[in-house]
2 protein chains.
Amino acid sequence: MKSAIPETGVPITPPATGNGSDRQEASLHGEILLRLRDYVVEGNIPDGARVPERQLCEMLGISRTPLREALKVLAAEGLIELLPNRGARVRQLSQRDLEELFDVMAGLESLAGRLACEAITDEEIAAIERLHYEMYGHYLHRDMHGYFQTNQQIHESIVAAARNATLKTTYANFAGRIRRVRYSANFARKRQRWAEAMREHEAILDALRRRAGSELSDILFQHLRNKRGAAIEHLAEGPDGTPATTPQGD
Amino acid sequence: MKSAIPETGVPITPPATGNGSDRQEASLHGEILLRLRDYVVEGNIPDGARVPERQLCEMLGISRTPLREALKVLAAEGLIELLPNRGARVRQLSQRDLEELFDVMAGLESLAGRLACEAITDEEIAAIERLHYEMYGHYLHRDMHGYFQTNQQIHESIVAAARNATLKTTYANFAGRIRRVRYSANFARKRQRWAEAMREHEAILDALRRRAGSELSDILFQHLRNKRGAAIEHLAEGPDGTPATTPQGD
DNA sequence: CCACGCCATTTTGCATTCATTTTTTGTCTT
DNA sequence: AAGACAAAAAATGAATGCAAAATGGCGTGG
(Lines give C-alpha, C1' and ligand atoms only; values in the text may rest on other atoms or scores of the structure.)
Protein backbone atom coordinates (compact mmCIF):
# COMPACT_ATOMS: atom_id res chain seq x y z
CA MET A 1 0.00 0.00 0.00
CA LYS A 2 1.49 3.25 -1.09
CA SER A 3 0.09 6.34 0.47
CA ALA A 4 0.86 9.26 -1.73
CA ILE A 5 -0.74 11.57 0.75
CA PRO A 6 0.84 12.51 4.04
CA GLU A 7 -1.04 11.70 7.21
CA THR A 8 -1.36 15.29 8.23
CA GLY A 9 -4.73 16.47 7.13
CA VAL A 10 -5.32 18.84 4.31
CA PRO A 11 -4.19 22.28 5.34
CA ILE A 12 -7.12 24.59 5.30
CA THR A 13 -6.07 26.49 2.26
CA PRO A 14 -7.19 30.07 2.27
CA PRO A 15 -8.61 31.41 -0.99
CA ALA A 16 -5.12 32.64 -1.70
CA THR A 17 -5.02 32.94 -5.43
CA GLY A 18 -8.46 31.53 -6.03
CA ASN A 19 -8.01 29.88 -9.36
CA GLY A 20 -11.45 28.31 -9.32
CA SER A 21 -13.48 28.12 -12.45
CA ASP A 22 -16.50 28.43 -10.21
CA ARG A 23 -17.07 29.47 -6.66
CA GLN A 24 -19.79 27.48 -5.02
CA GLU A 25 -18.49 27.57 -1.49
CA ALA A 26 -21.96 26.88 -0.22
CA SER A 27 -22.42 23.18 -0.90
CA LEU A 28 -20.13 20.63 0.59
CA HIS A 29 -19.23 19.51 -2.88
CA GLY A 30 -18.12 23.01 -3.77
CA GLU A 31 -16.02 23.28 -0.66
CA ILE A 32 -14.38 19.95 -1.37
CA LEU A 33 -13.76 21.02 -4.93
CA LEU A 34 -11.94 24.15 -3.86
CA ARG A 35 -9.84 22.38 -1.28
CA LEU A 36 -8.97 19.48 -3.49
CA ARG A 37 -8.05 21.72 -6.37
CA ASP A 38 -5.68 23.73 -4.22
CA TYR A 39 -4.37 20.54 -2.75
CA VAL A 40 -3.50 19.18 -6.16
CA VAL A 41 -2.28 22.48 -7.55
CA GLU A 42 0.08 22.91 -4.65
CA GLY A 43 1.70 19.64 -5.57
CA ASN A 44 0.80 17.68 -2.46
CA ILE A 45 0.32 14.60 -4.57
CA PRO A 46 3.22 13.52 -6.74
CA ASP A 47 2.97 13.43 -10.50
CA GLY A 48 1.09 10.46 -11.80
CA ALA A 49 0.28 9.15 -8.35
CA ARG A 50 -3.05 7.60 -7.57
CA VAL A 51 -5.61 9.67 -5.78
CA PRO A 52 -7.05 7.19 -3.32
CA GLU A 53 -10.70 7.97 -2.74
CA ARG A 54 -10.98 6.24 0.59
CA GLN A 55 -7.97 7.94 2.08
CA LEU A 56 -9.04 11.35 0.87
CA CYS A 57 -12.51 10.76 2.26
CA GLU A 58 -11.37 10.17 5.79
CA MET A 59 -8.85 12.93 5.40
CA LEU A 60 -11.60 15.36 4.50
CA GLY A 61 -14.15 13.76 6.73
CA ILE A 62 -16.74 13.22 4.05
CA SER A 63 -18.26 10.37 2.14
CA ARG A 64 -17.21 9.30 -1.30
CA THR A 65 -20.09 10.86 -3.18
CA PRO A 66 -19.11 14.53 -3.01
CA LEU A 67 -15.47 13.61 -3.38
CA ARG A 68 -16.11 11.72 -6.56
CA GLU A 69 -18.11 14.63 -7.92
CA ALA A 70 -15.18 16.90 -7.25
CA LEU A 71 -12.82 14.45 -8.93
CA LYS A 72 -14.92 14.47 -12.05
CA VAL A 73 -14.72 18.23 -12.20
CA LEU A 74 -10.98 18.27 -11.64
CA ALA A 75 -10.64 15.75 -14.43
CA ALA A 76 -12.64 18.00 -16.72
CA GLU A 77 -10.32 20.83 -15.76
CA GLY A 78 -7.35 18.75 -16.76
CA LEU A 79 -5.69 18.51 -13.36
CA ILE A 80 -6.23 14.81 -12.92
CA GLU A 81 -7.25 11.98 -15.17
CA LEU A 82 -9.75 9.24 -14.58
CA LEU A 83 -8.85 5.74 -15.66
CA PRO A 84 -11.88 3.51 -16.01
CA ASN A 85 -12.17 1.24 -13.00
CA ARG A 86 -8.71 2.24 -11.96
CA GLY A 87 -9.28 5.44 -10.12
CA ALA A 88 -7.93 8.93 -10.48
CA ARG A 89 -4.35 9.89 -11.05
CA VAL A 90 -2.72 13.26 -10.92
CA ARG A 91 -2.19 14.17 -14.50
CA GLN A 92 1.37 13.79 -15.58
CA LEU A 93 2.19 16.47 -18.11
CA SER A 94 4.59 15.59 -20.83
CA GLN A 95 6.95 18.18 -22.17
CA ARG A 96 4.66 18.58 -25.12
CA ASP A 97 1.69 19.13 -22.82
CA LEU A 98 3.60 21.90 -21.13
CA GLU A 99 4.49 23.54 -24.38
CA GLU A 100 0.85 23.46 -25.34
CA LEU A 101 -0.21 24.90 -22.03
CA PHE A 102 2.26 27.72 -22.26
CA ASP A 103 1.16 28.52 -25.77
CA VAL A 104 -2.46 28.67 -24.73
CA MET A 105 -1.52 30.88 -21.82
CA ALA A 106 0.37 33.07 -24.23
CA GLY A 107 -2.70 33.29 -26.42
CA LEU A 108 -4.91 34.18 -23.49
CA GLU A 109 -2.59 36.87 -22.23
CA SER A 110 -2.17 38.16 -25.72
CA LEU A 111 -5.92 38.43 -25.93
CA ALA A 112 -6.10 40.03 -22.52
CA GLY A 113 -3.65 42.69 -23.58
CA ARG A 114 -5.59 43.44 -26.71
CA LEU A 115 -8.86 43.76 -24.85
CA ALA A 116 -7.26 45.71 -22.03
CA CYS A 117 -6.20 48.40 -24.46
CA GLU A 118 -9.84 48.99 -25.24
CA ALA A 119 -10.96 49.69 -21.72
CA ILE A 120 -8.07 50.21 -19.35
CA THR A 121 -8.07 53.40 -17.29
CA ASP A 122 -5.12 55.63 -16.58
CA GLU A 123 -5.36 54.63 -12.94
CA GLU A 124 -5.03 50.98 -13.81
CA ILE A 125 -2.03 51.71 -15.95
CA ALA A 126 -0.51 53.69 -13.12
CA ALA A 127 -1.07 50.75 -10.80
CA ILE A 128 0.66 48.43 -13.23
CA GLU A 129 3.51 50.89 -13.49
CA ARG A 130 3.91 50.82 -9.73
CA LEU A 131 4.00 47.05 -9.83
CA HIS A 132 6.56 47.28 -12.58
CA TYR A 133 8.89 49.39 -10.50
CA GLU A 134 8.32 47.18 -7.51
CA MET A 135 9.30 44.24 -9.67
CA TYR A 136 12.34 46.10 -10.82
CA GLY A 137 13.31 46.46 -7.19
CA HIS A 138 13.03 42.73 -6.67
CA TYR A 139 15.10 42.25 -9.78
CA LEU A 140 17.86 44.48 -8.45
CA HIS A 141 17.82 42.70 -5.10
CA ARG A 142 17.87 39.31 -6.79
CA ASP A 143 14.70 38.48 -4.91
CA MET A 144 13.36 35.78 -7.14
CA HIS A 145 10.29 35.04 -5.08
CA GLY A 146 9.24 38.65 -4.83
CA TYR A 147 9.99 39.16 -8.49
CA PHE A 148 7.88 36.25 -9.51
CA GLN A 149 4.98 37.27 -7.33
CA THR A 150 4.92 40.82 -8.59
CA ASN A 151 5.30 39.60 -12.12
CA GLN A 152 2.25 37.45 -11.62
CA GLN A 153 0.34 40.42 -10.24
CA ILE A 154 1.16 42.43 -13.32
CA HIS A 155 -0.10 39.78 -15.65
CA GLU A 156 -3.21 39.35 -13.55
CA SER A 157 -3.79 43.08 -13.64
CA ILE A 158 -3.71 43.00 -17.41
CA VAL A 159 -6.19 40.16 -17.43
CA ALA A 160 -8.40 42.08 -15.02
CA ALA A 161 -8.22 45.15 -17.22
CA ALA A 162 -9.56 43.11 -20.11
CA ARG A 163 -12.98 43.27 -18.42
CA ASN A 164 -13.84 39.76 -19.43
CA ALA A 165 -14.88 37.40 -16.66
CA THR A 166 -14.94 34.42 -18.99
CA LEU A 167 -11.38 35.07 -20.02
CA LYS A 168 -10.36 35.57 -16.43
CA THR A 169 -11.81 32.24 -15.38
CA THR A 170 -10.20 30.39 -18.23
CA TYR A 171 -6.92 32.10 -17.55
CA ALA A 172 -7.09 31.08 -13.90
CA ASN A 173 -7.74 27.50 -14.86
CA PHE A 174 -4.66 27.24 -17.04
CA ALA A 175 -2.60 29.21 -14.58
CA GLY A 176 -3.49 26.60 -11.99
CA ARG A 177 -2.28 23.77 -14.16
CA ILE A 178 1.00 25.48 -14.77
CA ARG A 179 1.33 26.49 -11.17
CA ARG A 180 1.10 22.86 -10.20
CA VAL A 181 4.07 22.04 -12.35
CA ARG A 182 5.99 24.86 -10.78
CA TYR A 183 5.15 23.70 -7.29
CA SER A 184 5.92 20.07 -7.87
CA ALA A 185 8.94 20.56 -10.09
CA ASN A 186 10.13 23.51 -8.04
CA PHE A 187 11.30 25.37 -11.02
CA ALA A 188 11.78 29.03 -11.57
CA ARG A 189 12.99 31.09 -14.42
CA LYS A 190 16.66 31.42 -14.95
CA ARG A 191 18.60 34.46 -13.94
CA GLN A 192 19.76 34.99 -17.44
CA ARG A 193 16.21 35.54 -18.59
CA TRP A 194 15.64 38.29 -16.05
CA ALA A 195 17.17 41.17 -17.92
CA GLU A 196 15.42 40.19 -21.10
CA ALA A 197 12.12 39.77 -19.32
CA MET A 198 12.48 43.21 -17.76
CA ARG A 199 12.99 44.75 -21.16
CA GLU A 200 9.96 42.97 -22.48
CA HIS A 201 7.93 44.22 -19.58
CA GLU A 202 8.94 47.75 -20.42
CA ALA A 203 7.74 47.23 -23.96
CA ILE A 204 4.48 45.88 -22.57
CA LEU A 205 3.99 48.96 -20.47
CA ASP A 206 4.80 51.18 -23.39
CA ALA A 207 2.27 49.53 -25.68
CA LEU A 208 -0.30 49.58 -22.91
CA ARG A 209 0.17 53.32 -22.39
CA ARG A 210 -0.37 53.90 -26.08
CA ARG A 211 -3.34 51.52 -26.07
CA ALA A 212 -1.75 49.76 -29.02
CA GLY A 213 -3.82 46.60 -28.92
CA SER A 214 -2.35 44.62 -31.79
CA GLU A 215 1.15 45.54 -30.81
CA LEU A 216 0.64 44.63 -27.18
CA SER A 217 -0.93 41.39 -28.27
CA ASP A 218 2.21 40.53 -30.21
CA ILE A 219 4.57 41.55 -27.46
CA LEU A 220 2.71 39.58 -24.84
CA PHE A 221 2.65 36.50 -26.97
CA GLN A 222 6.35 36.70 -27.60
CA HIS A 223 7.02 37.41 -23.94
CA LEU A 224 5.16 34.29 -22.89
CA ARG A 225 6.77 32.31 -25.65
CA ASN A 226 10.17 33.21 -24.31
CA LYS A 227 9.05 32.26 -20.83
CA ARG A 228 7.94 28.96 -22.24
CA GLY A 229 11.31 28.34 -23.75
CA ALA A 230 13.09 28.99 -20.49
CA ALA A 231 10.67 26.92 -18.45
CA ILE A 232 10.67 23.91 -20.74
CA GLU A 233 14.39 23.99 -21.09
CA HIS A 234 14.68 24.19 -17.34
CA LEU A 235 12.38 21.24 -16.85
CA ALA A 236 14.10 19.23 -19.53
CA GLU A 237 17.36 19.30 -17.66
CA GLY A 238 15.71 19.01 -14.27
CA PRO A 239 15.14 21.63 -11.60
CA ASP A 240 18.65 21.30 -10.23
CA GLY A 241 20.60 19.55 -12.89
CA THR A 242 19.05 16.13 -12.45
CA PRO A 243 18.03 14.35 -15.61
CA ALA A 244 14.64 15.12 -16.99
CA THR A 245 11.57 13.86 -15.17
CA THR A 246 10.22 11.80 -17.98
CA PRO A 247 6.50 11.19 -17.98
CA GLN A 248 5.83 7.68 -16.81
CA GLY A 249 2.33 6.34 -17.14
CA ASP A 250 2.88 2.97 -15.57
CA MET B 1 -35.64 -2.89 -12.61
CA LYS B 2 -34.80 -0.30 -15.17
CA SER B 3 -33.75 -1.65 -18.49
CA ALA B 4 -32.06 0.12 -21.34
CA ILE B 5 -32.73 3.66 -22.34
CA PRO B 6 -36.19 4.34 -23.68
CA GLU B 7 -36.45 5.14 -27.35
CA THR B 8 -38.19 8.38 -26.67
CA GLY B 9 -35.28 9.55 -24.58
CA VAL B 10 -32.34 11.64 -25.58
CA PRO B 11 -31.60 11.29 -29.28
CA ILE B 12 -28.46 9.33 -29.82
CA THR B 13 -26.29 12.13 -30.99
CA PRO B 14 -23.46 11.14 -33.31
CA PRO B 15 -20.05 12.56 -32.43
CA ALA B 16 -20.76 15.28 -34.91
CA THR B 17 -18.44 18.03 -33.87
CA GLY B 18 -17.29 16.40 -30.68
CA ASN B 19 -16.88 19.32 -28.40
CA GLY B 20 -16.00 17.20 -25.41
CA SER B 21 -13.27 18.29 -23.11
CA ASP B 22 -12.69 14.64 -22.42
CA ARG B 23 -13.79 11.42 -23.97
CA GLN B 24 -14.38 8.75 -21.42
CA GLU B 25 -17.03 6.80 -23.26
CA ALA B 26 -16.20 3.79 -21.17
CA SER B 27 -17.80 4.63 -17.86
CA LEU B 28 -21.48 5.23 -17.57
CA HIS B 29 -20.76 8.65 -16.20
CA GLY B 30 -18.76 9.50 -19.29
CA GLU B 31 -21.48 8.32 -21.60
CA ILE B 32 -24.06 10.34 -19.70
CA LEU B 33 -21.81 13.36 -19.82
CA LEU B 34 -21.48 13.20 -23.58
CA ARG B 35 -25.17 12.73 -24.15
CA LEU B 36 -26.23 15.37 -21.70
CA ARG B 37 -23.78 17.86 -23.12
CA ASP B 38 -25.06 17.36 -26.62
CA TYR B 39 -28.59 17.44 -25.31
CA VAL B 40 -28.03 20.83 -23.73
CA VAL B 41 -25.92 22.21 -26.55
CA GLU B 42 -28.60 21.35 -29.07
CA GLY B 43 -30.99 23.50 -27.15
CA ASN B 44 -33.40 20.78 -26.05
CA ILE B 45 -33.85 22.54 -22.75
CA PRO B 46 -34.94 26.16 -22.86
CA ASP B 47 -32.80 28.92 -21.53
CA GLY B 48 -32.84 29.22 -17.78
CA ALA B 49 -35.09 26.21 -17.35
CA ARG B 50 -34.59 23.77 -14.54
CA VAL B 51 -32.85 20.51 -15.28
CA PRO B 52 -34.96 18.07 -13.31
CA GLU B 53 -32.75 15.28 -12.04
CA ARG B 54 -35.49 12.78 -11.53
CA GLN B 55 -36.93 13.22 -14.99
CA LEU B 56 -33.54 12.99 -16.68
CA CYS B 57 -32.75 9.90 -14.67
CA GLU B 58 -35.69 7.92 -15.92
CA MET B 59 -35.17 9.36 -19.37
CA LEU B 60 -31.63 8.04 -19.40
CA GLY B 61 -32.43 4.96 -17.37
CA ILE B 62 -29.82 5.58 -14.72
CA SER B 63 -29.68 6.56 -11.09
CA ARG B 64 -29.04 10.01 -9.83
CA THR B 65 -25.41 9.48 -8.89
CA PRO B 66 -23.81 9.44 -12.35
CA LEU B 67 -26.22 12.07 -13.54
CA ARG B 68 -25.26 14.43 -10.77
CA GLU B 69 -21.61 13.85 -11.53
CA ALA B 70 -22.22 14.83 -15.12
CA LEU B 71 -24.14 17.91 -14.02
CA LYS B 72 -21.23 19.05 -11.93
CA VAL B 73 -18.94 18.78 -14.92
CA LEU B 74 -21.34 20.62 -17.19
CA ALA B 75 -21.55 23.35 -14.59
CA ALA B 76 -17.76 23.61 -14.56
CA GLU B 77 -17.87 23.89 -18.34
CA GLY B 78 -20.27 26.76 -18.07
CA LEU B 79 -23.21 25.17 -19.82
CA ILE B 80 -25.43 24.99 -16.76
CA GLU B 81 -25.35 26.51 -13.34
CA LEU B 82 -25.98 24.89 -9.99
CA LEU B 83 -28.05 26.76 -7.46
CA PRO B 84 -27.52 25.50 -3.94
CA ASN B 85 -30.43 23.31 -2.90
CA ARG B 86 -32.36 24.47 -5.91
CA GLY B 87 -31.07 22.27 -8.64
CA ALA B 88 -29.46 22.87 -11.98
CA ARG B 89 -30.55 25.37 -14.55
CA VAL B 90 -29.47 25.80 -18.11
CA ARG B 91 -27.22 28.78 -18.03
CA GLN B 92 -28.85 31.85 -19.40
CA LEU B 93 -26.28 33.94 -21.18
CA SER B 94 -26.66 37.65 -21.00
CA GLN B 95 -25.65 39.80 -23.91
CA ARG B 96 -22.48 40.62 -22.05
CA ASP B 97 -21.75 36.94 -21.54
CA LEU B 98 -22.06 36.42 -25.25
CA GLU B 99 -19.76 39.28 -26.03
CA GLU B 100 -17.22 37.79 -23.66
CA LEU B 101 -17.56 34.38 -25.20
CA PHE B 102 -17.09 35.71 -28.70
CA ASP B 103 -14.04 37.65 -27.62
CA VAL B 104 -12.48 34.60 -26.06
CA MET B 105 -13.25 32.62 -29.19
CA ALA B 106 -11.63 35.38 -31.18
CA GLY B 107 -8.58 35.16 -28.99
CA LEU B 108 -8.38 31.41 -29.36
CA GLU B 109 -8.72 31.51 -33.13
CA SER B 110 -6.25 34.30 -33.28
CA LEU B 111 -3.85 32.11 -31.35
CA ALA B 112 -4.65 29.15 -33.55
CA GLY B 113 -3.79 31.14 -36.64
CA ARG B 114 -0.51 32.28 -35.18
CA LEU B 115 0.49 28.78 -34.21
CA ALA B 116 -0.75 27.32 -37.46
CA CYS B 117 1.65 29.51 -39.39
CA GLU B 118 4.50 27.78 -37.61
CA ALA B 119 3.60 24.26 -38.62
CA ILE B 120 1.01 24.15 -41.35
CA THR B 121 1.85 22.14 -44.45
CA ASP B 122 1.21 23.13 -48.04
CA GLU B 123 -1.29 20.31 -48.26
CA GLU B 124 -3.26 21.64 -45.35
CA ILE B 125 -3.30 25.07 -46.89
CA ALA B 126 -4.48 23.56 -50.14
CA ALA B 127 -7.27 21.79 -48.28
CA ILE B 128 -8.34 25.04 -46.68
CA GLU B 129 -8.26 26.71 -50.09
CA ARG B 130 -10.60 24.04 -51.40
CA LEU B 131 -12.92 24.66 -48.49
CA HIS B 132 -12.70 28.34 -49.23
CA TYR B 133 -13.85 27.89 -52.81
CA GLU B 134 -16.54 25.51 -51.70
CA MET B 135 -17.72 28.16 -49.29
CA TYR B 136 -17.62 30.71 -52.06
CA GLY B 137 -19.95 28.44 -54.00
CA HIS B 138 -22.38 28.34 -51.12
CA TYR B 139 -22.12 32.09 -50.94
CA LEU B 140 -23.02 32.47 -54.59
CA HIS B 141 -25.93 30.08 -54.21
CA ARG B 142 -27.13 31.86 -51.10
CA ASP B 143 -26.90 28.54 -49.28
CA MET B 144 -26.62 29.78 -45.77
CA HIS B 145 -26.50 26.39 -44.14
CA GLY B 146 -23.80 25.10 -46.43
CA TYR B 147 -21.91 28.33 -46.11
CA PHE B 148 -21.99 28.19 -42.38
CA GLN B 149 -20.92 24.58 -42.23
CA THR B 150 -17.99 25.07 -44.56
CA ASN B 151 -17.03 28.19 -42.73
CA GLN B 152 -16.91 26.20 -39.53
CA GLN B 153 -14.76 23.57 -41.21
CA ILE B 154 -12.27 26.21 -42.27
CA HIS B 155 -11.95 27.56 -38.79
CA GLU B 156 -11.62 24.08 -37.39
CA SER B 157 -8.93 23.32 -39.93
CA ILE B 158 -6.95 26.28 -38.75
CA VAL B 159 -7.31 25.13 -35.18
CA ALA B 160 -6.21 21.65 -36.19
CA ALA B 161 -3.19 23.07 -37.99
CA ALA B 162 -2.12 24.74 -34.76
CA ARG B 163 -1.03 21.29 -33.53
CA ASN B 164 -2.16 22.01 -30.03
CA ALA B 165 -4.55 19.53 -28.46
CA THR B 166 -5.08 21.70 -25.41
CA LEU B 167 -6.11 24.60 -27.56
CA LYS B 168 -8.36 22.38 -29.61
CA THR B 169 -10.18 21.10 -26.54
CA THR B 170 -10.64 24.56 -25.13
CA TYR B 171 -11.82 25.83 -28.47
CA ALA B 172 -14.36 23.02 -28.69
CA ASN B 173 -15.66 23.85 -25.26
CA PHE B 174 -16.36 27.46 -26.10
CA ALA B 175 -17.68 26.56 -29.52
CA GLY B 176 -20.21 24.33 -27.78
CA ARG B 177 -21.43 27.15 -25.59
CA ILE B 178 -21.89 29.41 -28.55
CA ARG B 179 -23.44 26.68 -30.59
CA ARG B 180 -26.08 26.27 -27.93
CA VAL B 181 -27.07 29.90 -28.30
CA ARG B 182 -27.26 29.47 -32.04
CA TYR B 183 -29.42 26.40 -31.72
CA SER B 184 -31.79 27.83 -29.18
CA ALA B 185 -31.95 31.32 -30.59
CA ASN B 186 -31.89 30.06 -34.15
CA PHE B 187 -29.77 32.88 -35.33
CA ALA B 188 -27.47 33.14 -38.26
CA ARG B 189 -25.34 35.85 -39.66
CA LYS B 190 -26.91 38.47 -41.76
CA ARG B 191 -26.65 38.47 -45.49
CA GLN B 192 -25.05 41.83 -45.45
CA ARG B 193 -22.06 40.47 -43.58
CA TRP B 194 -21.45 37.80 -46.19
CA ALA B 195 -19.50 39.82 -48.69
CA GLU B 196 -17.37 41.34 -45.99
CA ALA B 197 -16.77 37.96 -44.38
CA MET B 198 -15.70 36.52 -47.74
CA ARG B 199 -13.16 39.27 -48.17
CA GLU B 200 -11.84 38.66 -44.69
CA HIS B 201 -11.51 34.99 -45.45
CA GLU B 202 -9.43 35.81 -48.47
CA ALA B 203 -7.15 37.88 -46.32
CA ILE B 204 -6.92 34.98 -43.90
CA LEU B 205 -5.88 32.62 -46.68
CA ASP B 206 -3.36 35.10 -47.93
CA ALA B 207 -1.71 35.53 -44.57
CA LEU B 208 -1.76 31.81 -44.05
CA ARG B 209 0.02 31.18 -47.35
CA ARG B 210 2.70 33.63 -46.36
CA ARG B 211 2.90 32.12 -42.90
CA ALA B 212 2.53 35.60 -41.50
CA GLY B 213 1.68 34.67 -37.93
CA SER B 214 1.21 38.05 -36.32
CA GLU B 215 -0.71 39.34 -39.27
CA LEU B 216 -2.99 36.33 -39.41
CA SER B 217 -3.53 36.64 -35.70
CA ASP B 218 -4.74 40.17 -36.16
CA ILE B 219 -6.96 39.37 -39.10
CA LEU B 220 -8.58 36.44 -37.35
CA PHE B 221 -9.28 38.48 -34.28
CA GLN B 222 -10.88 41.21 -36.29
CA HIS B 223 -12.83 38.69 -38.32
CA LEU B 224 -14.29 37.15 -35.20
CA ARG B 225 -14.89 40.53 -33.71
CA ASN B 226 -16.99 41.46 -36.68
CA LYS B 227 -18.85 38.21 -36.39
CA ARG B 228 -19.49 39.04 -32.80
CA GLY B 229 -20.93 42.37 -33.70
CA ALA B 230 -23.33 40.84 -36.19
CA ALA B 231 -24.38 38.05 -33.88
CA ILE B 232 -24.96 40.21 -30.85
CA GLU B 233 -26.82 42.76 -32.86
CA HIS B 234 -28.91 39.99 -34.33
CA LEU B 235 -29.72 38.58 -30.92
CA ALA B 236 -30.47 41.98 -29.50
CA GLU B 237 -33.27 42.53 -31.96
CA GLY B 238 -34.39 38.91 -31.92
CA PRO B 239 -33.89 36.15 -34.47
CA ASP B 240 -36.72 37.32 -36.66
CA GLY B 241 -37.49 40.82 -35.61
CA THR B 242 -39.06 39.95 -32.29
CA PRO B 243 -37.88 41.95 -29.31
CA ALA B 244 -34.80 40.75 -27.59
CA THR B 245 -34.92 37.55 -25.55
CA THR B 246 -34.16 39.11 -22.24
CA PRO B 247 -32.58 36.95 -19.58
CA GLN B 248 -35.26 35.80 -17.21
CA GLY B 249 -34.37 34.31 -13.86
CA ASP B 250 -37.56 32.38 -13.29
C1' DC C 1 14.91 -20.32 -9.86
C1' DC C 2 11.39 -18.16 -12.46
C1' DA C 3 6.88 -17.93 -14.91
C1' DC C 4 2.07 -18.57 -14.88
C1' DG C 5 -2.43 -18.95 -12.96
C1' DC C 6 -5.77 -18.97 -9.09
C1' DC C 7 -7.89 -16.89 -5.04
C1' DA C 8 -8.48 -13.21 -1.32
C1' DT C 9 -8.57 -8.43 -0.54
C1' DT C 10 -9.12 -3.94 -1.91
C1' DT C 11 -11.09 -0.50 -4.78
C1' DT C 12 -14.12 1.34 -7.98
C1' DG C 13 -18.82 2.35 -10.03
C1' DC C 14 -23.38 2.78 -9.42
C1' DA C 15 -27.85 2.19 -6.94
C1' DT C 16 -30.31 2.95 -3.00
C1' DT C 17 -31.41 5.18 1.27
C1' DC C 18 -31.62 8.94 4.66
C1' DA C 19 -31.76 13.74 6.15
C1' DT C 20 -32.67 18.69 4.82
C1' DT C 21 -34.29 22.05 2.20
C1' DT C 22 -37.47 23.95 -0.92
C1' DT C 23 -41.88 24.23 -3.06
C1' DT C 24 -46.59 23.60 -3.13
C1' DT C 25 -51.05 23.37 -1.31
C1' DG C 26 -54.62 23.92 1.92
C1' DT C 27 -56.49 26.45 5.59
C1' DC C 28 -57.16 30.15 8.62
C1' DT C 29 -57.29 34.95 9.78
C1' DT C 30 -58.19 39.71 8.78
C1' DA D 1 -61.53 37.75 -1.05
C1' DA D 2 -56.59 38.37 -0.30
C1' DG D 3 -52.71 37.47 2.27
C1' DA D 4 -50.19 34.81 5.71
C1' DC D 5 -49.10 30.74 8.01
C1' DA D 6 -48.42 25.87 8.31
C1' DA D 7 -48.24 21.26 6.92
C1' DA D 8 -47.59 18.02 3.17
C1' DA D 9 -45.16 16.82 -0.89
C1' DA D 10 -41.31 16.86 -3.73
C1' DA D 11 -36.65 17.66 -4.76
C1' DT D 12 -31.92 18.16 -3.46
C1' DG D 13 -27.46 16.89 -0.98
C1' DA D 14 -24.89 13.52 1.06
C1' DA D 15 -24.12 8.74 3.14
C1' DT D 16 -24.34 3.99 2.81
C1' DG D 17 -24.70 -0.55 0.53
C1' DC D 18 -23.76 -3.78 -3.03
C1' DA D 19 -21.93 -5.92 -7.37
C1' DA D 20 -18.09 -5.89 -10.55
C1' DA D 21 -13.49 -5.07 -11.60
C1' DA D 22 -8.66 -4.61 -10.38
C1' DT D 23 -4.65 -5.35 -7.29
C1' DG D 24 -1.72 -8.28 -4.73
C1' DG D 25 -0.33 -12.61 -2.70
C1' DC D 26 0.23 -17.38 -2.93
C1' DG D 27 0.79 -21.84 -4.75
C1' DT D 28 1.82 -24.83 -8.53
C1' DG D 29 4.34 -26.19 -12.41
C1' DG D 30 8.06 -25.77 -15.67
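Proteins get letters first, then strands, A, B, ... in listed order; numbering begins at 1 in each. The model shown is predicted, which means the values in this text are computed figures rather than measured ones.
For the pair B/L60 CG and C/dA15 P, the interatomic distance rounds to 11 Å; values are reported in whole Å. Summarising the geometry, the separation between CG on A/L28 and C1' on C/dA19 is reported as 14 Å, rounded to the nearest angstrom. If you measure from atom CZ of B/R68 to atom C1' of C/dT17, you get 14 Å, rounded to the nearest angstrom. Counting to the nearest Å, the C1' atom of C/dT16 and the CD1 atom of B/I62 are 14 Å from each other. With rounding to whole Å, B/L56 atom CG is found 12 Å from D/dA11 atom P. Atom-to-atom, CZ of A/R89 to P of C/dT12 comes out at 10 Å; the value is rounded to the nearest Å. The distance from atom CD of A/E53 to atom P of C/dT11 is 10 Å, rounded to the nearest whole Å. Between the P atom of C/dT12 and the CD atom of A/Q55 lies a distance of 11 Å, rounded to the nearest Å.
Remark: A/R86 is in phosphate contact with D/dT23, judged by side-chain N or O atoms under 4.0 Å from OP1 or OP2.
Look at A/E109 and A/K227 and you find no salt bridge, because none of the NZ, NE, NH1 or NH2 atoms lies under 4.0 Å from a carboxylate O. Residues A/D47 and A/R180 are paired through a salt bridge, judged by an N-O separation under 4.0 Å between the basic side chain and the carboxylate. For B/R163 and B/E124, the salt-bridge test passes: some basic side-chain N is under 4.0 Å from an acidic carboxylate O.
Sequence order on DNA chain D of the closest nucleotides to A/G61 and A/N85 puts A/G61 first from the 5' end. Each of B/L83 and A/P84 was matched to the nucleotide of DNA chain D holding its nearest heavy atom; the match closer to the 5' end belongs to B/L83. Taking the nucleotide of DNA chain C with the nearest heavy atom to each of A/R54 and B/E69, the more 5' of the two is matched to A/R54.
Nucleic acid contact class of A/L67 (heavy atoms, under 4.0 Å, all strands): none.
A donor-acceptor contact under 3.5 Å is formed by the side chain of B/R64 with the base of D/dG13. For D/dA15, the base has a donor-acceptor partner in the side chain of A/T65 [N/O atoms by modelled type, under 3.5 angstrom].
For B/R96, the CZ atom is densely surrounded, since the number of other residues' heavy atoms within 6.0 Å is greater than 12.
Closest to the side chain of A/R50, out of D/dA14, C/dC14, C/dT11, is C/dT11.
A 4.5 Å side-chain heavy-atom check between B/L71 and B/L36 finds at least one atom pair inside the cut-off.
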